[in-house]
Amino acid sequence: MPELPEVQTTVSGLQLIIKKQITSIKVNTTKLRYLIPKKIDQIAKNKEIIRIYRLGKYIIFELSNSISLIFHLGMTGRIRLLKKSDYRKLKHDHIIIYLNYNEVIIFNDPRKFGFVDISKTSEFKQKKYISNLGLDPFQKELDENYLLNKFDRSSIPIKQLLLNQKIVAGIGNIYANEILFDAKISPFLPGSQLDFHKVSKLIKSIRRILKKAISFGGTSLKDYVSVDGTLGNFQTKFKVYNRENEKISKFRVRRVIQYGRSTFFCPNLQKSKFNPPFYT
DNA sequence: AGGTCTGTTACTGA
DNA sequence: ATCAGTAACAGACC
């Protein structure tokens with residue numbers, strides 16, 4: 001479920017390999033979402049990893065030769081870090097990065113919706129998928145005016161706007177549901193209906209939920225998230241996600257398909273005239 | 001056994 | 001421009 005908290009957990013775990021060197025990269029699968037650049041091994045070989053950081057849900061490895069590697073985990077991508085002697089190849093291990101000090105980084109992704117790309121460090125921000133990214137939830141530029149401006153006159157439901165990476169980068173389906181519940185805002189409320197007060201609550205909830213999820217090591221529904229294989233635990237803190245028909249105090253959690261994705265919410269605590277009707 | 005669902009993103013055609 | 005539908009893919013679930 002790599003959304004921002006899982007990507008952040010991964011990036012934090014990878015800080016151990018800063019200043020280490022890539023000795024080679026082995027590509028087992030040539031195409032994930034996109035073709036893996038053929039020259040990746042040749043370009044990264046013998047380069048030092050200077051910096052590893054997150055942009056939205058993207059992971060950036062900045063290398064010493066002014067090249068950056070860009071990873072996206074898609075829906076099921078995972079990165080592991082282990083000693084070479086402990087590594088046993090698993091199904092869907094698509095890319096193996098060998099480091100000095102006998103360590104390996106493994107990119108595993110059953111559904112192959114993730115990808116790996118290469119760019120000059122000075123130019124990668126021009127990649128379309130990066131240049132389109134909206135603000136990071138923790139940037140202070142993300143304030144009421146920024147969001148009001150983006151939501152202005154929009155008839156699109158707020159949940160859909162939260163999932164739009166061009167507005168805020170890093171929120172996916174799980175956290176969109178949890179954030180809106182935390183803010184007591186209906187997922188069906190059109191963007192244009194959010195006033196300053198609601199947007200202010202929304203920003204606080206975005207930061208509160210994401211921070212809390214990061215502190216729990218993210219969410220592990222089916223997969224490991226951290227690079228050493230330990231599970232995240234935020235799923236135990238879900239208020240609405242995956243809790244259809246459960247009670248929150250005396251109210252029921254509902255599930256509705258919205259734009260093709262599951263929306264979980266509590267119609268009583270997230271009231272709106274835009275909510276769909278329920279008869280049972 | 002087969003149909004349905006899933007954490008993401010991007011493209012299509014209306 | 002907006003948006004519903006679909007595609008990429010594997011596996012869990014019923």
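Values below: every heavy atom of this structure, side chains too, minus hydrogens, waters and symmetry copies. As the structure is a prediction and not an experimental result, all values here were calculated from the model.
Between B:dT9, B:dT6, B:dA10, one nucleotide has an atom nearer to the side chain of A:M75 than all others, and that is B:dT6. With C:dC3, C:dA4, B:dT9 as the candidates, the nucleotide lying closest to the side chain of A:S155 is C:dC3. Each of B:dA10, C:dC9, B:dT8 was ranked by its minimum atom distance to the side chain of A:K112; first place goes to C:dC9. The side chain of A:Y34 approaches B:dA10 more closely than any other nucleotide in the set B:dA10, C:dC3, C:dC9. With distances taken from any side-chain atom of A:K91 to the nucleotides C:dA8, C:dG11, B:dT9, the minimum falls on C:dG11. Comparing B:dT9, C:dG11, B:dT6 by their nearest atom to the side chain of A:R33 picks out B:dT9.
Considering every non-hydrogen atom in both A:S205 and A:I179, the closest pair reads CB-O, 3.6 Å. Nearest heavy atoms, A:F238 versus A:R243: O-NH1, 2.7 Å. Minimum interatomic distance between A:T9 and A:G217 (heavy atoms only, all atoms of both residues): OG1-C, 3.5 Å.
Rounded to an integer number of Å, the gap from NZ of A:K159 to P of C:dA4 is 13 Å. Residue A:L221 contributes atom CG, which lies 17 Å from atom P of C:dG11 at whole-angstrom precision. As a whole-Å value, the separation of A:K150 NZ from C:dA1 P is 13 Å. Remark: P of B:dT8 and CG of A:L133 are 14 Å apart, rounded to the nearest angstrom. The distance between atom OH of A:Y129 and atom P of B:dA10, rounded to the nearest whole Å, is 10 Å. For the pair A:L32 CG and B:dT9 P, the computed distance is 15 Å after rounding to whole Å. Remark: C1' of B:dA10 and NZ of A:K57 are 13 Å apart, rounded to the nearest angstrom. Between A:R261 atom CZ and B:dA10 atom P the separation is 13 Å, expressed in whole Å.
Applying the 3.5 Å distance criterion, the base of B:dT8 shares no donor-acceptor pair with the side chain of A:R111.
Look at the P atom in both C:dA7 and B:dG3: the space between them is 16 Å, to the nearest Å. Distance noted for atom C1' between C:dA1 and B:dT8: 23 Å (whole Å).
In this pair, A:F71 and A:F61 present their aromatic rings tilted. The plane angle is within the 30 to 60° band. Between A:Y175 and A:F234, the two ring planes are tilted [angle within 30° to 60°].
Among A:K47, A:E48, A:K45, the single residue meeting the side-chain contact (heavy atoms from CB on, under 4.5 Å) criterion with A:N65 is A:K47.
Using a 4.0 Å heavy-atom criterion, one finds that A:R255 contacts the sugar-phosphate atoms exclusively. Heavy atoms of A:Y241 sit under 4.0 angstrom from primed sugar atoms or phosphate atoms, though from no base atom. Contacts of A:I156 with the nucleic acid, taken as non-hydrogen atoms under 4.0 Å apart, involve only primed sugar atoms and P, OP1 or OP2. Residue contacts shown for A:Q165 are limited to sugar-phosphate atoms, with no base heavy atom under 4.0 Å away.
Both A:K128 and A:I171 lie near DNA chain B, and the one whose nearest nucleotide falls closer to the 5' end is A:I171.
Residue A:H92 places at least one side-chain N or O under 4.0 Å from the OP1 or OP2 atom of C:dG11.
The ring of A:F113 lies on top of the base of C:dA8, close enough and flat enough: under 5.5 Å between centres, under 30° between planes.
The pairing partner recorded for B:dA10 is C:dT6, the criterion being a Watson-Crick or G-U wobble arrangement whose two distances lie under 3.5 angstrom.
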